[in-house]
Amino acid sequence: MTLRRLGLFGGTFDPPHFGHVAALRAAARTHRFNRIEVTVAGDPYQKSVQGAVRPAPLRLAMAVVAFEGLDLVEVSDREIRRAGPSYTIDTVRELLEEADEVDLIIGADLASQLDRWHEAAALRSLVRVGVVPRPGGQSVMPSGWISYEIAMEPVDLSSTYIRDSHPNRANLRDFVPDGVIPLYEGFRG
Ligand code: ATP
């Protein structure tokens, strides 16, 4: 029987941008996965404490248009439908009911934080971690996690930068897929 191998790419996507798109393309190119699920955090507990996050239905809609047509990729609202903080461990447990293997796909900036994620020890025992590069330093995996690098030309872009730099419509085209722009602008106005 063929293994059902799933890649899980979770995020806040406030907004989704070309860095995310590049990461998903790179993950698909590894041929490690039968499917890559993008989960949009309903309540991103590590970020909602830092300040306002745009409403989950808007972030979901932006992710759907940003990632449509990408090989293997499906955008899921499962973390939005689930009440309470969006913990990756809960998503992994759900996905393992349908998949044989689940790999987390994360940007290098998150690697050093993994031990602070909810139920980190359980998560560590259930997943492998595929790390995509992000400008600004080497990723340092905490010990005990099984990980590998996903090759990709780094993309120097973050949602924070897009939110904080208040780009006009023309600049936005450099940062986010076209379909995201009316949704992002509509809310901003
Ligand atoms: P913020 O600036 O609000 O923290 P972000 O740009 O890091 O947001 P998230 O939605 O938090 O975006 O990230 C989802 C996933 O995408 C994370 O694993 C993150 O590391 C990864 N990621 C985000 N931007 C990039 C990028 N430019 N290159 C590679 N991975 C990225």
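Counting starts at 1 for both ligands and their atoms, in listed order.
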Numbered atoms and elements of ligand 1 in range of [X], under 4.0 angstrom, heavy atoms:
{"X": "V132", "result": "29 (C), 30 (N)"}
{"X": "G19", "result": "26 (C), 27 (N)"}
{"X": "S158", "result": "2 (O), 6 (O)"}
{"X": "G10", "result": "14 (C), 15 (C)"}
{"X": "S159", "result": "1 (P), 2 (O), 3 (O), 5 (P), 6 (O), 8 (O), 12 (O)"}
{"X": "R163", "result": "3 (O)"}
{"X": "G11", "result": "10 (O), 14 (C)"}

Taking the non-hydrogen atoms of [X], is any one of them nearer than 4.0 angstrom to ligand 1?
{"X": "F9", "value": "yes"}
{"X": "A108", "value": "no"}
{"X": "L110", "value": "yes"}
{"X": "P154", "value": "no"}

Original post:
For ligand 1, is any non-hydrogen atom under 4.0 Å from T160's backbone (N, CA, C, O), its side chain (CB onward), both, or neither?
Top reply: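 It is both parts that get close, each with some atom under 4.0 Å.
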Original post:
Using heavy atoms and a threshold below 4.0 Å, how should the contact between P133 and ligand 1 be classified: side chain, backbone, both, or neither?
Top reply: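 Only the backbone of P133 comes within reach of ligand 1.
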Mind checking whether [X] has an N or O less than 3.5 Å away from an N or O of ligand 1?
{"X": "D109", "result": "yes"}
{"X": "V155", "result": "yes"}
{"X": "L157", "result": "yes"}
{"X": "F13", "result": "yes"}

**OP:** Go through the steps to decide whether T88 and L123 satisfy the test side-chain contact (heavy atoms from CB on, under 4.5 Å), and finish with yes or no.
**Re:** CA-CA 8 Å; T88 300; L123 190 60; 4.2 Å; yes
Subject >> Any I80 side-chain heavy atom under 4.5 Å of L60 side chain >> reply: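 A side-chain contact under 4.5 Å exists here.
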Original post:
Going from CZ on R4 to CZ on F33, what distance comes out if it is rounded to the nearest 0.5 angstrom?
Top reply: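 Atom-to-atom, R4:CZ and F33:CZ are 15.5 Å apart.
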**OP:** Could you please spell out the steps behind the salt bridge (Lys or Arg N to Asp or Glu O under 4.0 Å) verdict for R25 and E153?
**Re:** CA-CA 11 Å; R25 287 209 169 105; E153 196 60 46; over 6 Å; no
Residues [X], [Y]: salt bridge by 4.0 Å N-O rule:
{"X": "R32", "Y": "E101", "result": "no"}
{"X": "E94", "Y": "R81", "result": "no"}
{"X": "D115", "Y": "R124", "result": "yes"}

Original post:
Any chance the side chains of D103 and Y148 put a donor and an acceptor closer than 3.5 Å?
Top reply: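 Looking only at side-chain atoms, Y148 and D103 do form a donor-acceptor pair, the distance falling under 3.5 Å.
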Subject >> Distance-only polar pair, side chains of T91 and R82, donor-acceptor under 3.5 Å >> reply: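 Their side chains do contain a donor-acceptor pair, which is all the 3.5 Å distance test asks for.
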Original post:
Counting only N and O atoms by type, is there a donor-acceptor contact under 3.5 Å from the side chain of R173 to the main-chain atoms of D178?
Top reply: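 Looks like no, no N/O pair under 3.5 Å.
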Original post:
Any chance the rings of Y184 and F175 have centres within less than 6.0 Å?
Top reply: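 Centroid distance Y184-F175: not below 6.0 Å, so no.
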